[in-house]
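Note sheet for the following structure.
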Number of protein chains: 2
Amino acid sequence: MATISDVASRAGVSTATVSRALNGKSTVDPELVARVIAAARELGYQPNGPARNLRRQEAAVLALIISDVENPFFTAIARGVEDVAHKVGYSVVLCNADENAAKERRYIDVAIQERVAGVIMSPTSTATNIDPLVNRSTPVVAVDRPLPGHPSDTVLVDTRLAAREATEHLLARGYRRIGCVTGPSGVRTAEDRLAGYRDALRAANQRGSTRLVRRTEFRAPGANRAAHELLAQPEPPDALLVANSAMAIGALGALAERGLRPGRDVGVVAFDDVPWAALVDPPLTVVAQPAYEIGTVAAQLLLARVNDGARPATTTTLAARLIERGSSHR
Amino acid sequence: MATISDVASRAGVSTATVSRALNGKSTVDPELVARVIAAARELGYQPNGPARNLRRQEAAVLALIISDVENPFFTAIARGVEDVAHKVGYSVVLCNADENAAKERRYIDVAIQERVAGVIMSPTSTATNIDPLVNRSTPVVAVDRPLPGHPSDTVLVDTRLAAREATEHLLARGYRRIGCVTGPSGVRTAEDRLAGYRDALRAANQRGSTRLVRRTEFRAPGANRAAHELLAQPEPPDALLVANSAMAIGALGALAERGLRPGRDVGVVAFDDVPWAALVDPPLTVVAQPAYEIGTVAAQLLLARVNDGARPATTTTLAARLIERGSSHR
DNA sequence: TTGTACGCGTTATCAA
DNA sequence: TTGATAACGCGTACAA
């Protein structure tokens, strides 16, 4: 494989000049630049990344550690991050922690070992430990969920308010016993959505009952079981607030299995506006989170911090938007 | 940040011994190993990846370049690759080419620059050029679509046969004018699905008509337009074979917009068994591709080739499975 | 079994 | 503006 000195001898210059020419330093004779570029092309020269990163003590790479690659919310974030990063010459490596603290820990180690410029992550839980990153002063931006412990740039959605509005919407539609299927305890978004739900009930002078609330993993099977449990009760809920789209699949499945029609029999609002939401019958009312924008904002914050480690940490909170469809209409 | 010589002095040994101890070489006194490990832990030592990769001339990293992160088919492949790679100590970096030849090209360059051990990719089109990888003898495994030019390990689904069976299923259900919405020309899976569709019509002594076929990008909006065009004709199709799940969303949307009910009015079979397929009304008949298994097989092939570059190239073809649901029932 | 010393390919410093 | 050279941190050949 061609190295920088191969290019240097072919162009009849020193390696230093090749390096300067290829990195666009302004202090190089234009004619030499042309010769270097030609030589590099002829040899199919590609710089050796590890050597460059070793020398520079940093790679033009951002790590994005997300909790679940199969969740469209997180893949949309990924696209936002990529679009911003690529524009300024950074690559993004996507790591799937799979809602698994051990995998997450492993990817944090990989990010450190590879000396990436910065890390964007959605922590799997409040147990997430970023001390290793902080100790090495690798910039970290949290998305979707805040990081425990250290102050860091954070991009969130006002999901508590969104959950409140969604619940108020159900109340306004005439549903009276609203249930909530949310994520595991220890995950901030799960807590916030539940809190927003309770805010709305309290504001309407309803006493929330724990019999109407279930916590489960953020996936379909758990939500399916949870919905069945709620609906099997003597006084079942007449509406459900569901905390993400995978869970919506489980919950809607449970309704179908019980012969209940969303909207008419049980009102349903779920978080995340997935492409198929408008397609089910009746179409699903959702809380649309600005996932792509979370990604772009996070990437901008991270790049800013890479260039200035002393910037004070900020928290950006984006608004979600309720999209009313048939599943919350009797 | 702690280096290997920090660990060495703390443990009272040489850097060579630290290296050997940490890499599990058998020729080290067990007591020294213990001291080294203790020192490394105390210092929070993490090896410098770039330095290690520079020295080793290779990184324990696989690149996975997929055509679309937002397509569940590809994210399932990614999980398969990850699970196999992690088991043997390799990391996976996921790159989203976004069905875009330029991004794909860029990620190939990144893979070369970072000197990854190997690349798994689903080529965006027959124009994909992997010469740069081949020239540097970086092992490549193609998934979903074959690579043009060079013989390489390849993991495919027998999608032509699957399309034929899906079409025969529609014929057996009594549909008589079957249309096909497939992907762009130049993409092998798009061609194969169309070919399988035509195989079935020919076997049934039907003359396929180009008026029943549309090609479009593998996304919902294109498929939506295509389905509208097909259905607006004087003699519209009474069934549709749709080439992936994103396109299914567009096509089902078109049916809804025209007040047509899947199954009863227009039979529908789509590729890829997505979680919501069973949830729409009527449930969607699909061709389930073994995506996760594609990933595991591809990773195994790649790792085998990393260890033995002389292995002959193989092509593995996996079978797809038709899952009959309501959308192909009158 | 352990230590010394070199080189991987690049960039940055310094001198010319 | 250019070139010689040192240094980044690690693994290993070789010597002890």
Side-chain angles (χ1 to χ4, degrees), chain A residues 1-37 39-40 43-61 89 109-117 136 138, chain B residues 1-37 39-40 43-61 89 109-117 136 138:
Chain A
M1 200 156 340
T3 72
I4 198 171
S5 44
D6 297 329
V7 178
S9 29
R10 180 161 192 122
V13 298
S14 72
T15 60
T17 299
V18 174
S19 176
R20 286 187 283 247
L22 261 25
N23 289 298
K25 306 280 184 218
S26 52
T27 66
V28 187
D29 185 316
E31 195 223 333
L32 285 191
V33 172
R35 255 160 60 197
V36 167
I37 289 177
L43 293 171
Y45 170 72
Q46 291 276 19
N48 183 310
R52 162 179 286 175
N53 299 337
L54 172 59
R55 176 62 229 224
R56 290 200 179 148
Q57 297 286 58
E58 180 170 290
V61 171
D109 285 347
V110 171
I112 292 170
Q113 287 175 15
E114 298 304 324
R115 306 307 198 250
V116 301
R136 291 171 177 76
T138 301
Chain B
M1 197 154 348
T3 72
I4 197 170
S5 45
D6 297 329
V7 178
S9 31
R10 181 160 192 122
V13 298
S14 72
T15 60
T17 299
V18 173
S19 175
R20 285 187 283 248
L22 259 26
N23 289 296
K25 303 284 185 217
S26 51
T27 66
V28 185
D29 185 318
E31 195 224 333
L32 285 192
V33 173
R35 256 163 54 199
V36 167
I37 289 178
L43 293 171
Y45 170 71
Q46 291 276 20
N48 182 309
R52 161 180 282 175
N53 298 336
L54 172 60
R55 175 62 230 225
R56 290 200 179 145
Q57 299 284 53
E58 181 170 291
V61 171
D109 285 347
V110 170
I112 292 170
Q113 287 174 14
E114 297 303 322
R115 304 311 196 247
V116 301
R136 291 171 175 77
T138 301

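Computed over heavy atoms, backbone and side chain alike; hydrogens, waters and symmetry mates excluded.
Counting only distance, with no hydrogens or angles, the side chain of A/Ser14 and the backbone of A/Thr17 share a donor-acceptor pair below 3.5 Å.
Rotation axes derived from the C1' atoms of the five outermost pairs at either end of the helix from C/dT1-D/dA16 to C/dA16-D/dT1 lie 40° apart, to the nearest 10°.
To the nearest 0.5 angstrom, B/Asn48 atom CG is 6.0 Å from A/Leu54 atom CG.
Remark: B/Arg136 pairs with no residue by the side-chain hydrogen bond (donor to acceptor under 3.5 Å, both in side chains) rule, at least two apart or across chains.
Sorted by first then second residue, the salt bridge (charged side-chain N to carboxylate O under 4.0 Å, His left out) pairs that include residues 1-28 of chain B, not counting sequence neighbours, are B/Arg10-B/Glu42.
In summary, contact between chain B and DNA chain D, defined as any nucleotide atom under 4.0 Å from a heavy atom of the protein, begins and ends at D/dG9 to D/dA13 in the 5' to 3' direction.
Taking side-chain N and O atoms only, B/Thr17 has a distance below 4.0 Å to OP1 or OP2 of C/dG3.
The two residues B/Ala117 and B/Thr138 come nearest to each other via the heavy atoms O-CG2, 4.3 Å. Looking at every heavy atom in both residues, B/Leu22 comes nearest to B/Tyr45 through CD2-CE2, 3.6 Å.
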Pairs of donor and acceptor atoms involving the side chains of residues 29-36 of chain B, under 3.5 Å and at least two apart or interchain, shall be tabulated with distances.
from	atom 1	to	atom 2	distance (Å)
B/Asp29	OD1	B/Glu31	N	2.7
B/Arg35	NE	B/Ala11	O	3.2
B/Arg35	NH2	B/Ala11	O	2.9

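Within the 4.5 Å cutoff, the side chain of A/Met1 has heavy atoms near those of the B/Arg115 side chain. Using a 4.5 Å cut-off on side-chain heavy atoms (C-beta onward), B/Asn53 and A/Glu114 make contact. Contact of the A/Leu43 side chain with the A/Val7 side chain is registered, since non-hydrogen atoms from C-beta on lie closer than 4.5 Å.
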note = Given protein heavy atoms under 4.0 Å, the one-letter contact record of nucleotides 5-14 of chain C, with B base, S sugar-phosphate only and - none, is simply --BBBBBBB-
